[in-house]
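Values below: every heavy atom of this structure, side chains too, minus hydrogens, waters and symmetry copies.
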Amino acid sequence: MFDEYFNKLKELKQDAPKIFERTAIKGAVEFVNAAKKITDEEDLVDTGNYKRNWYADATTVGDKHIIYCENSVDYASHLEEGHKTLSGGRVKGHFVGRRAIDKAFSYCVDLLDKAIASAMKKK
């Protein structure tokens, strides 16, 4: 999907890497904010440890801009994916990280659309 944007920005050669880098950084912030908001909405806050440990970082590898997202709390995967109980039942997952990734993805697409439109007007 993002290849379309990259191709559109090829004619803006020197601006493209900056636009993608800024978008990735803002996307990482959006992910953390969305994850914390969803954590509150799902009422998953007890001590606040899970909410405090949402983390995202934007990095560049070659011409790819990558956002790494995580929650390093040892029980985060149980809240995310769900788990079995000792009695043989199952606790459903909340998929906070996945939902936050979806929100951050949409946010990044919107940012890229606006940045491309703005850059094209300047050229």
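Within 6.0 Å of the OH atom in Tyr68, the count of heavy atoms belonging to other residues, nucleotides or ligands does not exceed 12.
Residues Phe20 and Asp63 fail the side-chain proximity criterion, which asks for heavy atoms closer than 4.5 Å. Val96 has its side chain within reach of Leu44: a pair of non-hydrogen atoms, C-beta onward, lies under 4.5 Å apart. Val91 has its side chain within reach of Thr85: a pair of non-hydrogen atoms, C-beta onward, lies under 4.5 Å apart. Looking only at side-chain heavy atoms (C-beta outward), Arg52 and Val73 stay at 4.5 Å or farther from each other.
Hydrophobic clustering (side-chain heavy atoms under 4.5 Å, transitive across Ile, Leu, Val, Met, Phe, Trp, Tyr) keeps Tyr55 apart from Ile66. The cluster map of Ile, Leu, Val, Met, Phe, Trp and Tyr, joined by side-chain heavy atoms under 4.5 Å apart, puts Trp54 and Phe105 in different clusters. Under a hydrophobic-cluster definition in which Ile, Leu, Val, Met, Phe, Trp and Tyr are linked whenever side-chain heavy atoms come within less than 4.5 Å, directly or via other members, Val109 and Ile19 are assigned to the same cluster. Residues Ile101 and Leu79 share a single hydrophobic cluster, defined by chaining ILVMFWY side chains whose heavy atoms lie under 4.5 Å apart.
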Acceptor/donor pairs from residues 24-33 side chains to any protein atom, 3.5 angstrom cut, sequence neighbours excluded:
residue	atom	partner	partner atom	Å
Asn33	ND2	Val29	O	3.4

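Listed by chain and number, the residues in a ring pair (Phe, Tyr, Trp, His ring centres under 6.0 Å) with Tyr107 amount to none (sequence neighbours excluded).
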Glu81/Lys92 under side-chain contact (heavy atoms from CB on, under 4.5 Å): CA gap, chis, key distance, verdict: CA-CA 7 Å; Glu81 302 290 335; Lys92 291 173 75 173; over 6 Å; no

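In this structure, Glu42 pairs ionically with Arg99, as a charged nitrogen and a carboxylate oxygen lie closer than 4.0 Å.
No option in Asn71, Asp46, Asp40 other than Asp40 meets the side-chain hydrogen bond (donor to acceptor under 3.5 Å, both in side chains) test with Lys51.
Residue pairs meeting the ring-ring contact (aromatic ring centres under 6.0 Å, His included) criterion with at least one member in residues 81-101, sequence neighbours excluded, are His78-His83.
The backbone N or O of Lys114 lies less than 3.5 Å from no partner atom in the side chain of Ser118, so there is not a single donor-acceptor pair.
Note that OG of Ser106 is 11.0 Å distant from CG of Leu111, once rounded to the nearest 0.5 Å.
Shortest non-hydrogen contact noted between Glu80 and Gly97 is OE1-N, 2.7 Å.
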